[in-house]
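Comments concern the structure below.
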Amino acid sequence: MASGDVLLDIHSVSRSFGDVRALDDVSLQIRENEFFALLGPSGCGKTTLLRVIAGFEQPDSGTVTLDGQDLLPIPPEKRAVNLMFQSYALFPHMTVERNVGYGLVCDKVPRDEIRTRVGEVLATVGLTDKRDALPKTLSGGQRQRVALARAIVKRPRLLLLDEPLSALDRKIRGEMQMELKRLQHEVGITFVVVTHDQDEAMSLADRVAVLDRGVVRQLASPMDLYRRPRSIFVADFIGNSTILRGTYGHGQWMADGVPPFAVADSAREAIAIALRPEAVTLVPEGSEGSRVRGEVVEVFFQGDHALCQVRVGGEMFLAALRDHGDHALPRRDEACGLTWADDAAVPLFEE
Ligand code: ATP
């Protein structure tokens, strides 16, 4: 877990390319030993922020400090920061051992020390038996490990990873996610990972900053982001939900085409509410406690649960069905009711 001390302090950083504001007054702090994720759709500014931290891009304004020291005048190779690129190009003619030790050779570290440090790092990533192999003989996951080993062998204070797992197929991705998390604990380096994959960010990170068009929309733990998104953008981007725009009045939520239903007073200033599928229960049509009625549009079987799309007036609701056991799943066009607890509706205050 994060130890709490601020390691990297990004304050009011902006960067434009022509008319595009890639970063718009971004402020955030990354703590020592934290696994931090920058998450957002393509073009939101994630890579630009990473490049500013690494030193490949200068901001138009703002400050960036590492351990209280101004980072911006320091050239990339002198920063205690290492960037692992999206395409982790390994030298094809060098063995795994030489690929990993390359940066230390460049830094003129004594040969014995290089051998020891490379040996340790290869053991950490589980590649000791591949030390003499050439990259072309390795699997995608193994090449990924070599790139990681090469990045951590220099013992940076901060390791930046740009879409580190995007080149891997789904199964290896899952394994590497666990591996990354284990590694981060083991080596005690602060990790900042850039990803557009919300599942990846949510499962890896201690905290996540959600970016949208150069602006940090919300910065929170994965659980808080999921349970308490503040905006329609974040609620929509993280997980599935039914989002109902509307207005609050006398303890009720009024949305077009949906009968008014009770909500908590915290929704007073909201512009919309979100209902997570697991908070919505499908009940027989007309049964007691049913808040709205609708028709089943589609059912998606997902193994441990099924996701059910239900049309209610002009809106589409999502309900997760668990423990359906041997019961048949609802059929398309079947009439049904939906219910949820009063406090299940999460108020959203911004677009
Ligand atoms: P992706 O996930 O697609 O890599 P991203 O979130 O990392 O996207 P950035 O690469 O940071 O986004 O780009 C943010 C915006 O800035 C985009 O609109 C992009 O086109 C623009 N941009 C980034 N670098 C440059 C550049 N060198 N010249 C011109 N425009 C740029």
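Bear in mind that the values here come from a model prediction, so they are computed numbers and not experimental data. Just so you know, ligand 1 is whichever comes first in the structure, and atom 1 is the first atom listed for that ligand. Start at 1 with the first residue, then count along the sequence. Any value given below was found using the heavy atoms of this structure, including those in side chains, with hydrogens, waters and symmetry copies removed.
- The closest approach between G214 and ligand 1 stays at or above 4.0 Å for every heavy atom of the residue.
- Listed by atom number, the atoms of ligand 1 under 4.0 Å from P41 heavy atoms are 6 (O).
- Of the charged side-chain nitrogens involved, at least one lies within less than 4.0 Å of a carboxylate oxygen, so that R157 and E32 count as a salt-bridged pair.
- The closest heavy-atom contact to atom 3 (O) of ligand 1, among the options S16, G45, S42, comes from S42.
- Looking at E163 next to ligand 1, no N or O pair under 3.5 Å apart turns up.
- Every N/O-N/O distance between A22 and ligand 1 stays at or above 3.5 Å.
- Ion pairing between R217 and E351 fails under the 4.0 Å rule for side-chain N and carboxylate O.
- Taking only nitrogen or oxygen atoms, main chain and side chain alike, F17 does not reach within less than 3.5 Å of ligand 1.
- Assignment of G40 to the shell around ligand 1 is not supported, since no heavy atom sits closer than 4.0 Å.
- Ion pairing of R230 with D224 is absent here, as no side-chain N (NZ or NE/NH1/NH2) approaches a carboxylate O to less than 4.0 Å.
- T65 and D70 share no donor-acceptor pair across their side chains, judged by distance under 3.5 Å alone.
- Using a 4.0 Å cut-off to heavy atoms of G43, the atoms of ligand 1 that qualify are 1 (P), 3 (O), 5 (P), 6 (O), 8 (O), 12 (O), 14 (C), 15 (C), 17 (C).
- Using a 4.0 Å cut-off to heavy atoms of V20, the atoms of ligand 1 that qualify are 15 (C), 16 (O), 18 (O).
- The environment of CZ in R332 is sparse: at most 12 heavy-atom neighbours from other residues, nucleotides or ligands sit within 6.0 Å.
- Evaluated by nearest non-hydrogen atom to atom 2 (O) of ligand 1, the leading choice among H196, R213, K46 is K46.
- E179 and V125 make their closest contact through OE2-O, 4.0 Å (heavy atoms, listed as atom of the first residue, atom of the second, distance).
- Annotation for Q302: atom CD counts as buried by contact number, over 12 foreign heavy atoms lying within 6.0 Å.
- The heavy atom nearest to atom 7 (O) of ligand 1, out of those in T47, T195, L211, is found in T47.
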